[in-house]
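Basis for what follows: all heavy atoms, side chains included, without hydrogens, waters or symmetry-related copies.
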2 protein chains.
Amino acid sequence: MQTATPTPATTAAPIRFFERAQRAVGDESAATRALCSTCHLKDLCLPCGLNGVDLERLDGLKFARRRVKEGQALYHEGDRFQFIYAVRSGTFKSTLNLRDGREQVTGFQMAGELLGLDGLAAGKHASSAVALEDAEICAIPYAHLSELAATSAELQHVISRLMSREIVREHSLMMLLGSMNAEERLAAFLLNISQRMKARGYSASEFHLRMSRAEIGSYLGMKLETVSRTFSAFAQQRLLEVDKKHVRITDLPGLQRAFDLRVQ
Amino acid sequence: MQTATPTPATTAAPIRFFERAQRAVGDESAATRALCSTCHLKDLCLPCGLNGVDLERLDGLKFARRRVKEGQALYHEGDRFQFIYAVRSGTFKSTLNLRDGREQVTGFQMAGELLGLDGLAAGKHASSAVALEDAEICAIPYAHLSELAATSAELQHVISRLMSREIVREHSLMMLLGSMNAEERLAAFLLNISQRMKARGYSASEFHLRMSRAEIGSYLGMKLETVSRTFSAFAQQRLLEVDKKHVRITDLPGLQRAFDLRVQ
DNA sequence: CGTGGATTTGAGCGTAATCAACGCAGGTGG
DNA sequence: CCACCTGCGTTGATTACGCTCAAATCCACG
């Protein structure tokens, strides 16, 4: 399990050096010149809420697209903060390193979601981001983005809103970790994934989890065995069918009942 | 205990109506015309990192100071987002309401810290803020602040950094809730309070907690009895002396050892 | 085909939750 | 002034949920 071993196996993959080099010089050299206004994710991602002049202005943003292989890190805890990353495809996990070598997962990011906002605070990334499957991202130079934001109050507002959304998201996670039991946590997690899949045009009731039981457990504050057991319990209650990473929710209202015993 | 009863006893205090009225009209009418550049909190608060022209520009910001009595809410979950609040004196708690009437504490705010940033995401506050003692705040109209930010990249950057700091703060709290036991949690909490007291010119080793055992427990994801027991355990280990809300840390390194068993 | 990683399941245990009782301080009213 | 009440904190006894340790299975991959 990658979380126990101190080797950089999954967090850096075989081609770590190449990846680092790519990060350093590849930013301007991408063949694809990407435009936000024509991106199929524009309603989920950075441009969300913008239109007309402001959206066009966003096209002035120069950024590179980059592929990230499964297991590769987009950035590591402590790396200098330079880019905001937008996920184009694939799934990422954000993690903090614990002193004892274990990792704490602080979030999962899907297409259209932003990564790296935690780096603003201190100019260094406070967490690491690792691809859970082959992925593609846009690397947006923060300096450039904030220049652009200075010319558009709307864009500025959008960025602030996205950061605020992150704060709110973490609030609910705190609620989850602070006051829910294992079943409620996993139900909340699955319902959240379900919603996000739906928002991306995928089925809300049937999907592949990209993360391992251990990663789900770390995120939800429980051990992998408990995650597995809770999946089995849900299956036995006929709330869902589960086969490893494949999940089919068969009783959405039931799952919601399991969840909102507590939550507003 | 206020968290169990559905009555608005502590969260709204006897003069709730007055407070609401005050909030609606009192914003412009404050006698004190406050300036950030001369505020004794300028190194902790919004102006942190600004100087020269940018700091002067911040003085263009029109905002009201307001007193908030113990138990009064600055805003409630669901209230329209209009202001960012800066704590001038006193302590606040931020809370989410759970469906069953209980509350989840998501943070404690002291002098120089900002409140209300979670409201940007949806234009409505996602949490409530309640004074734990008589307090004074600056209510900064967000619309006005963002206007001003449009004229200064530096100010813009400061605001983003403050939001990012909030995200990072919540990351560590997630780590705490996700992977620490009762002793580690309380130790982390006390060390954090200690640091923040120190940064405000108070003693780092001796202070009054403004929050109840139940509120600490809610924040740390444990029951009030466990908080109490853990305090007693620390006292027995001669790490600190405790008498109700008064705490004196007698072995700071020892407390840190109790804490950083896990954390980086 | 063998190996290693991921998942599931079981058994026993430990930590923190629950339930309960008590002490103390502050406020209220007779 | 004292009896009473209420809120908060502490402590004890018991319980339960999730953790730990362990073993078996499944699957991908070399």
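- A 4.5 Å side-chain heavy-atom check between A/Glu113 and A/Phe108 finds every atom pair outside the cut-off.
- Rounded to an integer number of Å, the gap from CD of B/Gln236 to C1' of D/dT10 is 13 Å.
- Spacing between atom CZ of B/Phe231 and atom C1' of D/dC8 amounts to 14 Å, rounded to whole angstrom units.
- Summarising the geometry, the separation between CE on A/Met222 and P on C/dA16 is reported as 17 Å, rounded to the nearest angstrom.
- Taking only side-chain atoms of B/Ser228, from C-beta outward, the nucleotide of D/dG18, C/dT8, D/dT11 with the closest atom is D/dT11.
- Comparing atom distances between the B/Ser212 side chain and each of D/dT11, D/dG9, C/dA16 picks out D/dG9 as nearest.
- Between B/Glu215 and B/Leu132, the closest side-chain pair of non-hydrogen atoms falls below 4.5 Å.
- Contact annotation: side chain of B/Arg213 to base of D/dT11, donor-acceptor pair absent below 3.5 Å.
- For B/Glu225 against C/dC19, a side-chain N or O and a base N or O form a donor-acceptor pair under 3.5 Å.
- Distance, B/Leu224 CG to D/dT11 P: 13 Å, rounded to whole Å.
- For the pair A/Arg213 and A/Phe231, the cation-pi test (distance below 6.0 Å, angle within 45°) is passed.
- The nearest whole Å value for the distance from the CZ atom in A/Phe234 to the P atom in C/dT8 is 14 Å.
- Between B/Arg210 and B/Glu70 there is no salt bridge, since no side-chain N of the basic residue sits under 4.0 Å from a carboxylate O of the acidic one.
- Distances were taken from every side-chain heavy atom of A/Lys223 (C-beta onward) to each of D/dT11, D/dC19, C/dA6; the shortest belongs to D/dC19.
- Checking A/Arg229 against A/Lys245, the closest nucleotide of DNA chain C that is more toward the 5' end is the one next to A/Lys245.
- Regarding contacts with the backbone of C/dA16, every side-chain N or O of B/Thr226 stays at 4.0 angstrom or more from both OP1 and OP2.
- Both A/Lys244 and A/Gly221 lie close to DNA chain D; mapped to their nearest nucleotides by heavy-atom distance, the more 5′-ward contact belongs to A/Gly221.
- Taking atom CG on A/Leu209 and atom C1' on C/dT8, their separation rounds to 16 Å, with Å as the unit.
- Under the rule for a side chain to side chain contact (heavy atoms under 4.5 Å, CB included), the partners of B/Leu115 that lie at least two apart in sequence or sit in another chain are B/Leu74, B/Tyr75, B/Tyr85, B/Val87, B/Phe92, B/Ser94, B/Gln109, B/Ala129.
- Counting to the nearest Å, the P atom of C/dA16 and the CG atom of B/Leu177 are 13 Å from each other.
- Rounded to whole Å, the distance from CD on B/Glu241 to C1' on D/dG9 is 18 Å.
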